[in-house]
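The structure appears below as structure tokens.
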Protein chains: 2
Amino acid sequence: MNVTGHTRRPASIRDVATAAGVSYQTVSRVINGHPSVRPSTRERVLAAIDELGFRRNATALALASGRSRAVTVLTANTTHYGYASILQGIEEAARAASYAVGIGVLESAEDTAVAAEVQRAADAGGGIIVIAYDPAGVRALGAVPAGLPVVGVVETPASPPGGDRPWVWADDREAAYQATRHLLALGHETVHYVAIPSSTRRTSARTSGWRQALKEAGAPEPRPAQSSWGPAGGHAAGLELAKDESVTAILCGNDDLALGVLRALHEAGRSVPGEVSVAGFDDAPHSAFLTPSLTTVRLDFTGLGRAAFALLHGVLEESAPVAPHPVSVPELVVRESSGPPPS
Amino acid sequence: MNVTGHTRRPASIRDVATAAGVSYQTVSRVINGHPSVRPSTRERVLAAIDELGFRRNATALALASGRSRAVTVLTANTTHYGYASILQGIEEAARAASYAVGIGVLESAEDTAVAAEVQRAADAGGGIIVIAYDPAGVRALGAVPAGLPVVGVVETPASPPGGDRPWVWADDREAAYQATRHLLALGHETVHYVAIPSSTRRTSARTSGWRQALKEAGAPEPRPAQSSWGPAGGHAAGLELAKDESVTAILCGNDDLALGVLRALHEAGRSVPGEVSVAGFDDAPHSAFLTPSLTTVRLDFTGLGRAAFALLHGVLEESAPVAPHPVSVPELVVRESSGPPPS
DNA sequence: CGCATGAATGTGACCGGTCACACAAGGCGC
DNA sequence: GCGCCTTGTGTGACCGGTCACATTCATGCG
């Protein structure tokens with residue numbers, strides 16, 4: 001252990017080499033586990049490393065070797081539950097693999113701003129993971145220069161993506177399908193949908209899962225209400241829907257939206273689930289404790305983050321385990337906010 | 001612009017130098033804005049930079065200069081609203097200053113695990129910001145080796161900290177004081193408190209603000225209920241408190257806790273705010289949309305994050321603006337969950 | 001008019017690692 | 001006993017920047 005408290009320049013491999021009476025290259029061999037080093041030599045070097053408190057300089061390593069053992073996560077937001085959970089999953093897997101995790105927030109979806117952020121991420125050196133659930137993220141994913149190692153966390157693709165696109169996703173189309181079927185099975189004539197902003201111009205995966213379930217059941221398909229990400233958007237959409245007496249079931253693009261809808265229905269004097277059933281999406285931690293508690297579909301965001309990192313890891317390193325996506329399937333969680341329609 | 005699509009090795013300053021017909025040092029001068037470069041020369045260099053699509057290699061810069069323009073944020077969690085908002089504030093300020101933001105999650109509060117994370121952060125090179133609201137964070141803050149540039153985001157210190165400790169905080173003691181006074185002013189005999197895990201063995205700042213308000217009002221001081229961070233903890237604490245008929249006002253250490261308490265009171269058949277008033281802490285985005293909507297104290301977490309970065313920036317660079325903490329004061333937000341006690 | 005001064009530019013070393021290769025010593029086959 | 005391969009170790013160049021210093025040339029001043 002280094003007991004000389006002085007904050008001097010940290011020891012380099014040459015310092016260690018001098019202390020151990022070998023060349024710097026031998027030290028390099030020891031710290032990299034190279035086989036042809038005599039055990040006694042290795043011993044001396046390890047002792048010197050310990051004594052000097054040597055730690056390999058990550059910057060120099062990155063410069064010399066080209067490998068930087070770092071990931072930068074690009075995301076439009078860090079506070080939304082889903083995004084934050086994905087980030088946490090990525091960090092967890094990265095930590096296990098001794099990778100550093102950087103973060104870049106896409107504050108605006110404007111092209112030049114997005115391009116600047118992508119550049120910054122590229123400058124950082126390592127791999128890039130883009131959370132592409134929203135326009136900013138999708139744009140960022142598209143703006144990453146070819147050749148850079150990048151993985152996208154995306155919505156369920158409309159069709160199984162060609163080739164081996166470096167994408168991961170939770171099956172949110174299936175999740176929307178399940179939730180919609182649940183509501184229909186309760187006897188509702190149809191299910192209205194309050195949508196999160198779609199990531200592309202085309203229909204989002206969640207929307208299409210909902211649509212598919214309606215179609216299969218022969219239920220009429222109301223126009224989805226385009227909303228925002230937060231409860232305020234859900235509240236606004238909910239006030240609109242509350243005016244329509246025929247609305248008895250509402251599926252929301254996420255739990256925050258559902259919260260806003262619940263509040264709007266409450267303000268409009270419509271009881272849940274007595275008059276209107278509501279279901280959310282994501283199973284955020286607070287959803288179980290709302291009154292009424294929220295029926296929702298649990299998505300494994302943390303696992304999704306881990307899968308994203310694993311995929312990137314495989315791209316960056318030959319030796320990395322190339323596991324298939326171990327993202328668990330969505331799970332419908334039925335709580336108090338859904339029930340049969342009023343008779 | 002670089003239009004040759006080939007993904008070859010990016011241009012270095014020597015490539016630019018050759019293209020512009022100058023030495024690499026001159027290129028270095030141009031990109032660093034050194035004054036003594038002839039305008040015509042500067043022009044040629046800039047043209048070459050543009051043509052080759054040159055970008056300064058951050059890794060090499062860090063290695064050669066020692067300055068890495070990077071911050072690592074150590075936090076116990078990325079999904080809780082307060083933590084995530086602080087992170088977002090840090091990132092925002094860091095981005096404005098062209099700093100990279102890294103993140104390390106303190107998954108366990110165990111000493112060796114914390115020490116390992118701190119080491120990783122130190123290895124990253126730049127400054128460190130520790131979110132020290134919980135035992136893991138506090139331990140991490142203490143484990144940072146002397147001499148490293150570090151800023152702690154802490155609870156309000158018990159006494160104005162000696163010297164110029166590199167700490168920032170929102171005035172959460174004042175916030176708790178305000179919330180408690182609000183409840184007392186409504187006529188409640190006393191206010192019960194459901195506490196977040198205290199960051200130290202001693203009493204947390206929020207607890208002491210609450211206690212101070214009670215003392216000033218001459219109200220009896222019930223034993224605070226020690227809880228966790230999430231709604232589940234609040235729920236458990238709330239079920240206990242609901243058994244006690246004399247409880248008419250409950251202050252919660254954060255909004256998630258308050259949510260759990262609201263649910264517990266609902267389950268116990270006690271109306272809010274008719275029989276019991278509840279107040280939270282933080283003003284999370286969903287709190288305004290709960291039913292009943294939650295009275296809470298808004299804390300400027302984003303500003304706190306920005307302040308933390310500004311302070312660190314000042315430590316790392318002479319030239320950085322050394323602004324005083326611009327963290328806004330806590331603001332009481334009165335909503336539906338608080339009212340006069342039952343008569 | 002000569003020399004000190006400063007602007008504009010170039011050269012070599014260095015940051016702390018890795019990589020490619022050279023080289024010495026020991027074991028083995030022929 | 002000679003050559004050859006293997007094992008263990010050292011040397012020099014390099015990654016892409018910065019820094020300290022040297023050099024050149026024009027200018028100002030005594």
Side-chain angles (χ1 to χ4, degrees), chain A residues 8-46 48-49 52-70 98 100 122-126 316-318, chain B residues 8-46 48-49 52-70 98 100 122-126 316-318:
Chain A
R8 50 159 59 88
R9 168 164 7 85
S12 75
I13 55 168
R14 315 202 192 225
D15 300 328
V16 173
T18 309
V22 296
S23 77
Y24 53 83
Q25 181 59 261
T26 299
V27 176
S28 174
R29 288 193 182 96
V30 169
I31 59 187
N32 288 300
H34 189 98
S36 47
V37 175
R38 190 172 310 170
S40 63
T41 309
R42 182 190 314 277
E43 210 55 45
R44 284 214 314 285
V45 171
L46 288 175
I49 286 177
L52 298 179
F54 167 82
R55 303 214 94 217
R56 187 222 241 102
N57 180 319
T59 305
L61 173 62
L63 179 60
S65 70
R67 308 179 268 281
S68 68
R69 296 188 84 75
S98 298
D123 288 350
L316 291 173
E317 290 181 40
E318 285 297 320
Chain B
R8 51 159 58 89
R9 185 192 318 113
S12 75
I13 55 167
R14 319 204 186 222
D15 300 328
V16 173
T18 309
V22 295
S23 79
Y24 53 82
Q25 181 59 259
T26 300
V27 176
S28 175
R29 289 197 181 92
V30 169
I31 59 186
N32 287 303
H34 189 98
S36 47
V37 174
R38 190 173 309 168
S40 63
T41 309
R42 184 190 311 278
E43 211 53 46
R44 286 215 315 284
V45 171
L46 289 175
I49 285 177
L52 298 178
F54 167 82
R55 304 213 94 216
R56 184 223 241 105
N57 180 320
T59 305
L61 173 62
L63 179 59
S65 69
R67 306 178 270 280
S68 67
R69 296 188 85 72
S98 298
D123 289 349
L316 291 172
E317 289 181 39
E318 285 297 319

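It should be emphasised that the depicted structure is a prediction, and the values quoted were computed from it without experimental measurement.
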For the residue pair B:Glu317 and B:Arg69, establish whether any side-chain heavy-atom pair is separated by less than 4.5 Å.
-> yes
Check whether any side-chain N or O of B:Ser65 sits under 4.0 Å from OP1 or OP2 of D:dT18, and answer yes or no.
-> no
In Å and rounded to the nearest 0.5 Å, what is the CD1 to OG1 distance from A:Ile31 to A:Thr26?
-> 11.0 Å
Could you check B:Gln25 against B:Pro35 and say which one's nearest nucleotide on DNA chain C is further toward the 5' end?
-> B:Pro35
Phosphate-side-chain proximity, A:Arg67 and C:dC19, N/O vs OP1/OP2 below 4.0 Å = yes
base_contact_polar (D:dT9 base, A:Arg29 side chain, donor-acceptor, <3.5 Å) | yes
Contact class for A:Ile13 vs. all strands (heavy atom < 4.0 Å): base, sugar-phosphate, or nothing?
-> base
So, does A:Arg14 use its side chain to make a donor-acceptor pair with the main chain of A:Tyr24 at under 3.5 Å?
-> no
Figure out the CG/P separation between B:Asn57 and D:dC14, and round it to whole Å.
-> 18 Å
Could you please name the option among C:dT11, D:dG10, C:dG10 that lies closest to any side-chain atom of B:Thr26?
-> C:dG10
Of the candidate nucleotides C:dG16, C:dA7, C:dT18, which contains the atom at the shortest distance from the side chain of A:Ala60?
-> C:dG16
To the nearest Å, how far apart are B:His34 NE2 and D:dC19 C1'?
-> 12 Å
Determine: side-chain N/O of B:Asn32 to OP1/OP2 of D:dT18, distance under 4.0 Å, yes or no.
-> yes
Between C:dG16 atom P and A:Phe54 atom CZ, what is the distance in whole Å?
-> 10 Å
Could you tell me the separation between the OG atom of A:Ser68 and the CG atom of A:Leu61, rounded to the nearest 0.5 Å?
-> 9.0 Å
Under 4.0 Å between any heavy atoms, over every strand shown, what does B:Thr41 touch: base, sugar-phosphate, or nothing? Just pick one.
-> sugar-phosphate
In whole angstrom, give the distance that lies between atom CD1 of A:Ile49 and atom C1' of C:dG16.
-> 14 Å
What integer distance in Å separates B:Asp123:CG from C:dG16:P?
-> 14 Å
Phosphate OP1/OP2 of C:dT9: any B:Ser23 side-chain N/O under 4.0 Å = no
Of A:Arg38 and B:Thr59, the one whose closest DNA chain D nucleotide lies more 5' | A:Arg38
Over how many whole Å does the gap from A:Leu52 atom CG to C:dG17 atom P extend?
-> 12 Å
Check the pair B:Arg56, B:Asn32 against side chain to side chain contact (heavy atoms under 4.5 Å, CB included), reporting the backbone distance first and the verdict last.
-> CA-CA 10 Å; B:Arg56 184 223 241 105; B:Asn32 287 303; 2.8 Å; yes
So what does A:Arg56 hit on the nucleic acid, given a heavy-atom distance under 4.0 Å: a base, only sugar-phosphate, or nothing?
-> sugar-phosphate
Could you check which of D:dT11, C:dG16, D:dT18 has an atom nearest any side-chain atom of A:Arg9?
-> C:dG16
For A:Leu63, answer base if it contacts any base atom (sugar-phosphate contacts may also be present), sugar-phosphate if it contacts only those atoms, and nothing otherwise; contact means non-hydrogen atoms under 4.0 Å.
-> base
Out of C:dG17, D:dG8, C:dG10, which has the shortest distance to the side chain of A:Ser36?
-> D:dG8
So do B:Val45 and B:Ile49 actually touch side chain to side chain, heavy atoms under 4.5 Å?
-> yes
B:Tyr24 atom OH is separated from D:dC15 atom C1', nearest whole Å, by 14 Å
Rounded interatomic separation in angstrom, taking CG from A:Leu61 and C1' from D:dC14 = 15 Å
Hey, is the side chain of B:Ser28 poking within less than 4.0 Å of OP1 or OP2 on D:dG17, counting only N and O atoms?
-> no
